[in-house]
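The structure appears below as structure tokens.
Numbering of ligands and ligand atoms starts at 1, following listing order. Values reported hereafter were calculated over all heavy atoms of this structure, with side chains retained and with hydrogens, waters and symmetry mates removed. These figures come from a predicted structure and were not determined experimentally.
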Amino acid sequence: MMQMLELPWLHWGLLALCLFCLLLLLNIIVLRRKVTERTQHLRNSEQKLRAILDNAGALVYIKDTDFRYQYANAQAVGRLGVALGEVVGKTDEDLFGASAAEALRESDRLVFTRRERVEVEETTTIQDESRTYFTVKVPLFDGDGAVMGLCGYSTDITQLQRADQALRLAATIFESQEGMLIAGPDRRILHVNRALHRLTGYDDGALVGQAFSTLQSGRNDDAFYQEVWDCVAATGQWAGEMWINRKSGETYPAWVNIAVVRSPEGDITHYVSTQMDISERKAAEEEIRILAYYDSLTGLPNRRLMSDRLQRSINKSERTGMGGALLVVDLDNFKDLNDTLGHEVGDDLLRQVGARLEQCVRRIDTVARLGGDEFVLLLDGLNADSKLAAAEAERVARNVAHMLGQAFTLGDRSHHTSCSIGIALYAGDVHGPEELLKRGDLAMYEAKAQGRNTVRFFDPQIQHAVALRTELESDMREGIAAEQFVLHYQPQVAKGGRLVGAEALIRWDHPVRGRVFPDDFIGIAESTGLIVPLGAWLLRAACKQLAAWGRDAETAHLTLAVNVSARQFRHVHFVSELLDALRETGADPTLLKLELTESLLLDDAEIAIARMTELRGHGVRFSLDDFGTGYSSLTYLKRLPLDQLKIDQSFVRDLLTNANDAAIARTVVALAHSLDLAVIAEGVETEAQRAMLERFGCHVWQGYLFGRPAPAEEMLQKMPIPIT
Ligand code: C2E
Ligand code: CA
Ligand code: CA
């Protein structure tokens, strides 16, 4: 121990040094660890901070007092369009150019001078992309309290601002002059603008919550609305004219637009509808239409409208084959009246003439004034047969001449006038309204040249035919009164040459013309209506004959077929007159057979069937004449209360030489059998024809082979002709 104590001081000194070194080392180690820990800690918090800043949803940056960027978060770097490493040290001038930088700097300066937080809206444009930011800038201080920079925090409000603008715009538009409403998917109204309030009169907000249909007027039908909503559903939109209900119950025409608004999923979320009151526009349109298409003096269609209708009528006639006529009516000596009594009196006459002309035509016809004292009548849908069409047109022309020939009252004086009428017929054969008008005009001048108060046709042949017809017509009137008509009878024969009946065929024994056959006058009698008195006469004559036969045992079984034409059959008194004739003459109704044609029955089938049924109730029979030449629809035939089909003579004529005709004849017979109808063939001229018809199953015949039509006694004398 002593030895130890006795160590030289040098040793103690060394030991102490060692100890000191050891302590120092320990200290260094501890210190190093502490520094490492600190650094790590710092790095961690910096990372956290960066993560927060980079995801802050805003641009965050720090600038020094020289306006140089010291820091920028990821978004700011992205917006500035430079690499992260390049931001530090850059100024706005470097990045955006001088003028943009100056704008940004203004608020930077404010922060530095005021040393406080500044809020500002900034817009920057980088590569044509403009964005607006709401920026907060706060000053940064150093330890001595001096400003050493600023920290900026910019939120992008571009979208917000746009939405805001759109909203403001929508609100402004919504309150525009047009009526506007927004409805929900159930079409119940959600919003209504002031204009619509004004338009509809629902200014108390009463429309909100109502169905869209509250505004719908009954002036558009259900089908219309169905179409509107179908269109909206299919295309997302509809626009058109619609009648709108006012609260007061009034209606007004509106131009309405309906559009759907859909959610991103495609569901309808709203309907937006705008509407504009177009009553004024419509009134103006109507006014223009009247000015453009009507004659202001008489209110009649003018030349333009007449040309339109004429063109349509020509087209229709081309399509249907129906005829039409243009009557050019010109007052005689109108100029004199105008010159002596003045234009006002002349105008008065023209107005009255217009009114009278309208009374001369049917509703489908057009009366127009072409100018001056020239009027035009357009007769549509006339007979396809030009002769009959001519007769129809002529009748109207005569009526016009008669009507305008009656005295007019002009002021306090009575005035007489006459007119010249030119007629141009058409049947789809003209090239246009102008050509037809020219023809009508020519005919009218011809009429004037003939000494006024005359009617002339453009076509000289028609003119001639019409003259003949007119003559025939007046002769016929006289003929009926003078009993110039007679009935001839043509035998109808069954097997063995047995006479079973006859067909009555009319003849006209005219004192000058001689014997006139029905083909030359039945048509005119039909078109003039003379068939009614003529038919009444001949039915009575036939009944008398039938009654006379009935009184003789030898002829009591004979039937009598009588032809009945369409107009005659349709006449209201036809049935009653026939029943009267049967009763008064004592003829047996079951022996009377009325021959009708298919076209007659087709014209108004229901009435025809009703009439036939009624007469059949009294025993009268029916035969279908000229069978095979018409429509011959089976289903339709079945509905008719018929007794007999009559094979038309046109098939009988060439029976032996034309296989087609033979086939038709055979089919008609088969058809008659299947419908349980009797069948007769007419126009049988040879034994060979008769034999062939018999082979087909037709056992009753009529024709020259057995006898020509002749007076009753003559027919009976010649019959019966024995047949082997
Ligand atoms: P329809 O009813 O087809 O009359 C048959 C026509 O054929 C008659 O001409 C008759 O004389 C003619 N005929 C008869 N047998 C033969 C023959 O073997 N060969 C030829 N080639 N012809 C024959 P009709 O008397 O001139 O009468 C012509 C048409 O006039 C009739 O055709 C009928 O549609 C109509 N008709 C005749 N009488 C009257 C009548 O009293 N009232 C009406 N509404 N129409 C009548
Ligand atoms: Ca007949
Ligand atoms: Ca016939």
To the closest 0.5 Å, what do you measure between CG (L594) and CG (L642)? 11.0 Å
Just going by heavy-atom distances, which of Q490, E685, R708 is nearest to atom 19 (N) of ligand 1? E685
Flag atom 42 (N) of ligand 1 as yes if some protein heavy-atom distance to it falls below 4.0 Å, otherwise no. yes
Are L378 and D365 packed together at the side-chain level, in the sense that at least one heavy-atom pair is separated by less than 4.5 angstrom? no
Quick one: which ligand 1 atoms are inside 4.0 Å of a heavy atom on L538? 40 (C), 41 (O), 42 (N)
Quick one: do D441 and K438 make a salt bridge, cutoff under 4.0 Å? no
Just let me know how R507 lines up against ligand 1, side chain, backbone, both or neither, with a heavy-atom cut-off below 4.0 Å. side chain
By atom name, which N, O or S atom belonging to E682 lies closest to the Ca ion (ligand 3)? OE2
Carboxylate-amine/guanidinium contact R616 D643, below 4.0 Å: yes
Restricting to N, O or S atoms of D625, which is nearest to the Ca ion (ligand 2)? OD2
Answer side chain, backbone, both or neither: which part of D648 comes under 4.0 Å from ligand 1, heavy atoms only. neither
Give the contacting part of R653 toward ligand 1: side chain, backbone, both or neither, where contact means a heavy-atom distance below 4.0 Å. neither
Atom 12 (C) of ligand 1 has as its nearest protein heavy atom Q649 NE2, 4.0 Å
Could you tell me which atoms of ligand 1, counted from 1 in the order shown, lie closer than 4.0 angstrom to a heavy atom of P518? 24 (P), 25 (O), 26 (O), 27 (O), 28 (C), 30 (O), 36 (N), 37 (C)
Please could you name the atoms of ligand 1 that S565 approaches to less than 4.0 Å, counting only its heavy atoms? 44 (N)
Would atom 9 (O) of ligand 1 count as contacted, meaning some protein heavy atom under 4.0 Å? no
Protein heavy-atom partner closest to atom 16 (C) of ligand 1 - residue, atom, separation in Å: Y704 CE2, 3.2 Å
Cationic N near anionic O, under 4.0 Å, E503 to K646: yes
Close side-chain approach of L327 to V455, heavy-atom, < 4.5 Å: no
Report yes or no: do D380 and S313 form a side-chain donor-acceptor pair below 3.5 Å? yes
Check: of T686, N563, V652, min heavy-atom distance to atom 44 (N) of ligand 1 comes from N563
The Ca ion (ligand 2) to N563: any N/O/S contact under 3.0 Å? yes
Is the closest side-chain donor-acceptor distance between T528 and E473 under 3.5 Å? no
Taking heavy atoms and a distance under 4.0 Å, where does V562 meet ligand 1: side chain, backbone, both or neither? neither
Give the atoms of ligand 1, by number and element, whose distance to some non-hydrogen atom of D626 is under 4.0 Å. 3 (O)
Have a look at L377 and tell me which of L326, I421, V400 forms a side-chain contact (heavy atoms from CB on, under 4.5 Å) with it. V400
Restricting D626 to its N/O/S atoms, the closest one to the Ca ion (ligand 3) is OD1
Among all protein non-hydrogen atoms, which one is nearest to atom 11 (O) of ligand 1, and what is the separation to 0.1 Å? P709 CG, 3.4 Å
Looking at E503, which atoms of ligand 1 are within less than 4.0 Å of one of its heavy atoms? 2 (O), 4 (O)
Considering both backbone and side-chain atoms of Q702, is one of its nitrogen or oxygen atoms within less than 3.5 Å of a nitrogen or oxygen in ligand 1? no
Can you tell me the protein heavy atom closest to atom 28 (C) of ligand 1 and the distance? D519 OD1, 3.5 Å
Report the nearest protein non-hydrogen atom to atom 4 (O) of ligand 1: residue, atom name, distance rounded to 0.1 Å. L505 CD2, 3.6 Å
Return the name of the atom in E503, of element N, O or S, nearest to the Ca ion (ligand 2). OE2
Metal check, the Ca ion (ligand 2) vs E595 N/O/S, cut-off below 3.0 Å: yes
I506 to ligand 1: N or O pair under 3.5 Å? yes
Numbering as shown, the atoms of ligand 1 that approach G703 to under 4.0 Å (heavy-atom distance): 15 (N), 18 (O)
Go through the side-chain N and O atoms of R309 and T366 and say whether any donor and acceptor fall under 3.5 Å apart. yes
Quick note on ligand 1: atoms under 4.0 Å from a heavy atom of G683 include exactly 16 (C), 17 (C), 18 (O)
